[in-house]
Amino acid sequence: MMEKNAKIYVAGHRGMVGSAICRALGRMGYANLVTRTHEELDLCRQDQVEAFFAQEQPDYVFLAAAKVGGILANRDAPADFLYDNLILELNVIHGAWQNHCRKLLFLGSSCIYPRLAPQPIREESLLTSALEETNEAYALAKISGLKYCAYLREQYGADFISAMPTNLYGPGDNYHPTHSHVLPALIRRFHEAKEAGAGEVVCWGTGSPLREFMYVDDLAEACLLLMQVYSGKETVNLGTGEELSIRELTELVAKVVGYEGEIRWDPSKPDGTPRKLLDVGKLESLGYHHTTKLEEGIRRTYQDFLAGPIRARR
Ligand code: GFB
């Protein structure tokens, strides 16, 4: 168990996941948190990361920092997604190991699994067949981070664990019109269409893919649980076990936002993997069940969008 006065480094504390982990740690009474902004510490620079770990010597590390984006951002910038994520995660994981951190939790993504893995996807499906092309770069980086944690455990006994979240959403999300993930993108697009009185909104692809969505504060609770009770070599899926089609999601977001116009589909945009529902049996065996229902989560996220400065919509 993490001691209440333990020094805990949250890498990526200003992002949607990192800020949710900081909120959860605060709720649990952990006050000795270490954080650095990108301006203070460039995680892609090994020299800076080594100096940081030597100076701070954190006991626990949540590695939530990453270069993230939706399907178009991933498809159009594979070199950046591979390089930035690989360099960043190896620097942080290596720095934590070199400085004898007690435990590190590395966060990956459900896109590490094969495009056509049997559903729901079990952790054992990793590397059993081809990846989804649109996010292959990000997946390769995340697989490498997961494997590096497992190898450090195997070779040196490091208590470094990894977890693979499903599609996430919630406060602090990125609402960029083209680089964001689908749920925040739809919130912004339907809101702006409602405000403008537009009669039609265009959504990407066919609407037929299925996706699972987990509210980020539920994810953060699962991350703290893993840090407290899990010390296995295998990665752990983090999800809800519930899925819906992108078409159903657009109808739900339109309802929450109050957009009543038409929805048109642009099949020139990629659908991505047809389905990626996670098997969350391992997580549930640890006693965790998500609590935030999708419609309620979307309502809270819409409020976050409305409360944020326009500039935060990037
Ligand atoms: O959330 P999303 O960008 O990522 O797209 P993935 C999910 C689905 O929503 C795709 C459709 O079928 C998109 O075509 N979609 C419809 C839209 N309208 C939109 C829109 O306006 N914006 C976006 N972004 N999608 C990501 C990976 O895959 O999953 C990341 O690329 C990461 O690396 C993340 O792993 C968890 O779910 O397809």
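Just so you know, residue 1 is the first one in the sequence shown, and it goes up from there. Counting convention: from 1, in listed order, for ligands and their atoms alike. We use all heavy atoms of the structure for the numbers below, so side chains are in, but hydrogens, waters and symmetry mates are not.
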Below 3.5 Å only, please: the N or O atoms of ligand 1 paired with protein N or O atoms, distance on each line.
{"unit_1": "ligand 1", "atom_1": "1 (O)", "unit_2": "V182", "atom_2": "N", "d": "2.9"}
{"unit_1": "ligand 1", "atom_1": "3 (O)", "unit_2": "I71", "atom_2": "N", "d": "2.8"}
{"unit_1": "ligand 1", "atom_1": "12 (O)", "unit_2": "D271", "atom_2": "O", "d": "2.5"}
{"unit_1": "ligand 1", "atom_1": "14 (O)", "unit_2": "P270", "atom_2": "O", "d": "2.7"}
{"unit_1": "ligand 1", "atom_1": "18 (N)", "unit_2": "W204", "atom_2": "N", "d": "3.1"}
{"unit_1": "ligand 1", "atom_1": "21 (O)", "unit_2": "R189", "atom_2": "NH1", "d": "2.8"}
{"unit_1": "ligand 1", "atom_1": "21 (O)", "unit_2": "R189", "atom_2": "NH2", "d": "2.8"}
{"unit_1": "ligand 1", "atom_1": "24 (N)", "unit_2": "S180", "atom_2": "O", "d": "2.9"}
{"unit_1": "ligand 1", "atom_1": "28 (O)", "unit_2": "K276", "atom_2": "NZ", "d": "3.3"}
{"unit_1": "ligand 1", "atom_1": "29 (O)", "unit_2": "K276", "atom_2": "NZ", "d": "2.9"}
{"unit_1": "ligand 1", "atom_1": "31 (O)", "unit_2": "N74", "atom_2": "ND2", "d": "3.4"}
{"unit_1": "ligand 1", "atom_1": "33 (O)", "unit_2": "N74", "atom_2": "OD1", "d": "3.4"}
{"unit_1": "ligand 1", "atom_1": "33 (O)", "unit_2": "N74", "atom_2": "ND2", "d": "3.3"}
{"unit_1": "ligand 1", "atom_1": "35 (O)", "unit_2": "S109", "atom_2": "OG", "d": "2.8"}
{"unit_1": "ligand 1", "atom_1": "37 (O)", "unit_2": "N167", "atom_2": "ND2", "d": "2.8"}
{"unit_1": "ligand 1", "atom_1": "37 (O)", "unit_2": "R211", "atom_2": "NE", "d": "2.8"}
{"unit_1": "ligand 1", "atom_1": "37 (O)", "unit_2": "K276", "atom_2": "NZ", "d": "3.3"}
{"unit_1": "ligand 1", "atom_1": "38 (O)", "unit_2": "R211", "atom_2": "NH2", "d": "2.9"}

Could you pull out all residues at least two apart from F81 that satisfy ring-ring contact (aromatic ring centres under 6.0 Å, His included)?
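Applying ring-ring contact (aromatic ring centres under 6.0 Å, His included) to F81 gives none.
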
What residues form a salt bridge (Lys or Arg N to Asp or Glu O under 4.0 Å) with E260, not counting sequence neighbours?
none

Sorted by chain and residue number, the salt bridge (Lys or Arg N to Asp or Glu O under 4.0 Å) partners of E242 (sequence neighbours excluded) come out as K293

Give a yes or no on whether the backbone of T178 and the side-chain of H176 come within a donor-acceptor separation of less than 3.5 Å.
yes

Between E212 and K276, is there a salt bridge with N-O shorter than 4.0 Å?
no

Salt bridge between E243 and R211, side-chain N to carboxylate O under 4.0 Å?
no

